[in-house]
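One structure below.
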2 protein chains.
Amino acid sequence: MAEADFNNAFPEPAVPEPVEGTLAHCRVAIVGLGLMGGSLALALKDHCRERVGVDSSAETLDYACQHAVVERVSSFEEAVATTDLLILATPVRGILAYLDQLARLDLPAHNRPIVLDIGSTKTDIVAAMQALPPGFDPVGGHPMCGKETGGIQNAEAALYKQKTFVLCPLQRTSARALALAQEVVEAVGATGLVLDAERHDTFAALISHLPYTVAAALMRTALGQADEALWQMAASGFRDTTRLAASDIVMMSDILLTNRVAVLEALAKYKTELDVLTKAIESGDVATLRMTLEAAQQKRSELFK
Amino acid sequence: MAEADFNNAFPEPAVPEPVEGTLAHCRVAIVGLGLMGGSLALALKDHCRERVGVDSSAETLDYACQHAVVERVSSFEEAVATTDLLILATPVRGILAYLDQLARLDLPAHNRPIVLDIGSTKTDIVAAMQALPPGFDPVGGHPMCGKETGGIQNAEAALYKQKTFVLCPLQRTSARALALAQEVVEAVGATGLVLDAERHDTFAALISHLPYTVAAALMRTALGQADEALWQMAASGFRDTTRLAASDIVMMSDILLTNRVAVLEALAKYKTELDVLTKAIESGDVATLRMTLEAAQQKRSELFK
């Protein structure tokens, strides 16, 4: 009895309140409700206080409301003034335009949100973020996922699951903003990878923008041979190698032009490798050719099992 | 009554006997029990009188027996002497070697089988078939399917289903041989497409061998940047665009070397298209770039829905 009384003298351990500034407390605006933004909004359901959708298309906003992709929709200005985290999810040049708008908005410094973007190239965006007025707390991001079928109709909550989500913090990025961005990464089921913007862009050129360019060039080459039998012969190899060529050309031209230097460098390296292979084929020597193909075969087999 | 008697005067309509020479009557030898030959053997189950397996690997023959991929295994010579249809299913240079052996076998002319191959390039093979001694009845073939994981362990009866199966009849090919080849195509669930060997090879270079070369060059380019973060960023776009690079290098080097002229022509056209894209990126002009990407985007979207 005495023991029970003694125990009762202590209060029950409190369930910890969410720390102010964690995602669960945040009103989150998603600017651009296409495939990427729409999927992000769906994935953030139950992970934040409110999801606010912004898009230039009335049709998309209507779809977002009808399908509960967000809790409410608003203008960009209103979203900036009423949310804690602004996620810019349009094609890259759209993100740059929104950052430019942010720089000119008349908003009290203490009321400015954390700004995360999910654009495919980072150097230009991070430079624009660096130039934002004080009070904004920006951090760059790039989830390594997507589909060749864009638009909110194709959005899915699982798009980010088990994918790599690159974060590019700036010198001015606060620990709080980086932690919140990492919370977003985890909430959508992705794995974070912190890289500086230049390194990201070099790697993205090799691993994503070059493959797209290669796929588009392959399609253009096949188009040069106008014959129905050619398309009848197109099987899974052609289908997969050219898949990226079906990507949205507005998004892709933004990517190629905002990462032009790194893409052109990747293209130059690629052409060198193509010449090595061409020479090995020209040589007619099977040992040389197999040696040239071997490392590529081994690494590709090891990379995706 | 009179009517019934009258009817009874006529014999019952006979169930038509399978015509001698149809697939159901044939003993079929499959030479080379890798992914392609093994899958073909599995798909031909119940469609022919007997399936006989030939392979240079004792391990593969053992697997084929254990897993009932064929009814029996035999040497090449015995298979030639005891079957009605010989299907050559090794890599291209293996097929050429077997055709060379056929040309030197001592077999009575009336006892020589129909010969079908499923090699990936056709000009060299069809030329070797044309030179076979009289009595052999050869026809070229190429099913437009495969996987990057080879070997009999990966064989599956459904591999050929709903795929295009090119047939290249020679001048000397009999109607009976072509009809039998078409029966094979239907039995495995594919759709036949008759093309002459040169046209096949030009198209195959564009639709299959070029995409492979492009994928291998992409892998070689990425390998040049030795950094673990690069591979962490590799997503579905890189995975699909490079998938063909994981293909068996013995098979692929045979293909590239036996279709060298057409592959080099396709590579030259492709490099021109790559230069067009490079210039559009260099120009920095978004309208030019989008125009360059547009036709490729449209055709790819239309081709695989």
Side-chain angles (χ1 to χ4, degrees), chain A residues 144-145 163-164 193 195 203 206-208 211 213-225 229-235 237-246 249 253 256-257 260 263-264 267 269-270 273-274 277-278 281 284 286 289-290 293-297 299-301 303-304, chain B residues 144-145 163-164 193 195 203 206-208 211 213-225 229-235 237-246 249 253 256-257 260 263-264 267 269-270 273-274 277-278 281 284 286 289-290 293-297 299-301 303-304:
Chain A
M144 303 309 297
C145 57
K163 302 294 159 51
T164 295
L193 175 66
L195 286 178
F203 293 172
L206 283 166
I207 220 80
S208 171
T213 310
V214 155
L218 258 184
M219 274 308 302
R220 283 182 57 95
T221 310
L223 278 170
Q225 181 87 40
L230 178 79
W231 304 118
Q232 278 175 262
M233 281 178 64
F238 188 75
R239 181 195 67 206
D240 286 358
T241 319
T242 59
R243 181 173 67 80
L244 290 180
I249 62 172
S253 53
L256 297 177
L257 295 184
R260 192 155 56 138
V263 169
L264 290 173
L267 269 167
K269 283 179 191 162
Y270 172 71
E273 294 301 338
L274 208 56
L277 278 169
T278 305
I281 296 168
V286 71
L289 184 54
R290 285 184 193 167
L293 299 171
E294 196 170 22
Q297 198 274 339
K299 184 68 187 178
R300 179 56 180 71
S301 303
L303 204 54
F304 303 95
Chain B
M144 303 309 297
C145 55
K163 302 294 159 50
T164 295
L193 175 66
L195 286 179
F203 293 172
L206 282 167
I207 219 81
S208 171
T213 310
V214 155
L218 257 184
M219 275 308 301
R220 285 182 56 97
T221 309
L223 278 171
Q225 182 87 40
L230 179 79
W231 304 118
Q232 280 176 259
M233 282 177 64
F238 187 76
R239 181 195 66 207
D240 286 358
T241 319
T242 59
R243 181 173 67 81
L244 290 179
I249 63 173
S253 53
L256 296 177
L257 294 184
R260 193 156 56 140
V263 169
L264 291 173
L267 268 167
K269 283 180 191 161
Y270 172 71
E273 294 300 338
L274 208 56
L277 279 169
T278 305
I281 296 168
V286 71
L289 184 53
R290 285 185 194 166
L293 300 171
E294 198 170 19
Q297 199 274 338
K299 184 67 186 178
R300 179 56 180 69
S301 302
L303 203 55
F304 302 96

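As the structure is a computational prediction, the values presented were derived from the model and not from experiment. To find a chain, count down the sequence lines: A is the first, B the second, and so on, and within it residues start at 1.
Between chain A and the options Gln225(B), Arg243(B), Met144(B), Lys163(B), the largest number of non-hydrogen pairs under 4.5 Å is found for Arg243(B). Between chain A and the options Ala235(B), Cys145(B), Ser253(B), Ser301(B), the largest number of non-hydrogen pairs under 4.5 Å is found for Ser253(B). Of the listed residues (Thr241(A), Leu277(A), Leu264(A)), the one with the most heavy-atom contacts under 4.5 Å to chain B is Thr241(A). By number of non-hydrogen pairs under 4.5 angstrom with chain B, the leading residue of Glu273(A), Met219(A), Arg300(A) is Arg300(A). Interface check for chain B: of the options Ala295(A), Ala215(A), Ala229(A), the most heavy-atom pairs under 4.5 Å are formed by Ala229(A). Chain B forms more heavy-atom pairs under 4.5 Å with one residue of Ala216(A), Ala222(A), Ser208(A), Ala246(A) than with any other, namely Ala246(A). Contact count against chain A (heavy-atom pairs under 4.5 Å) is highest for Leu257(B) among Val263(B), Leu193(B), Leu257(B). When Leu206(B), Leu218(B), Thr278(B), Leu303(B) are compared by the number of non-hydrogen pairs under 4.5 Å with chain A, Leu218(B) comes out ahead.
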* Could you walk me through whether Ile281(A) and Thr213(B) pass side chain to side chain contact (heavy atoms under 4.5 Å, CB included), step by step? => CA-CA 10 Å; Ile281(A) 296 168; Thr213(B) 310; 4.3 Å; yes
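Proximity to chain A involves both the backbone and the side chain of Leu230(B), based on heavy atoms less than 4.5 angstrom apart. Contact of Leu289(A) with chain B is made through the side chain alone, with heavy-atom distances under 4.5 Å. The contact between Leu223(A) and chain B is made entirely by side chain atoms (from C-beta outward), counting heavy-atom distances below 4.5 Å. With a 4.5 angstrom heavy-atom cutoff, Leu256(B) touches chain A via backbone and side-chain atoms both. With a 4.5 Å cut-off on non-hydrogen atoms, Leu244(A) touches chain B through its side chain but not through its backbone. For Val214(A), the parts lying near chain B are the backbone and the side chain together; criterion is any non-hydrogen pair under 4.5 Å. Contacts of Leu293(B) with chain A are made by both backbone and side-chain atoms, with heavy-atom separations under 4.5 Å. Only the side chain of Leu267(B) comes within contact range of chain A, with at least one heavy atom under 4.5 Å from a heavy atom of that chain. When heavy atoms are compared at a cutoff of 4.5 Å, Val286(B) approaches chain A by way of both its backbone and its side chain. Both the backbone and the side chain of Lys269(B) come within contact range of chain A, each with at least one heavy atom under 4.5 Å from a heavy atom of that chain.
Relative orientation of the Tyr270(A) and Tyr270(B) rings is perpendicular, given thresholds of 30° and 60° on the angle between their planes.
Going from atom CG of Leu195(A) over to atom CE of Met233(B) covers 6.5 Å, rounded to the nearest 0.5 Å.
With hydrogens and angles ignored, the 3.5 Å screen pairs no side-chain donor or acceptor of Gln297(B) with any backbone N or O of Ala245(A). Thr164(B) places a side-chain N or O within donor-acceptor distance of the main-chain N or O of Gln232(A), the cut-off being under 3.5 Å.
Here the closest non-hydrogen pair linking Ala217(A) and Leu274(B) is CB-CD1, 3.7 Å.
The shortest distance between side-chain heavy atoms of Pro211(B) and Thr242(A) does not fall below 4.5 Å.
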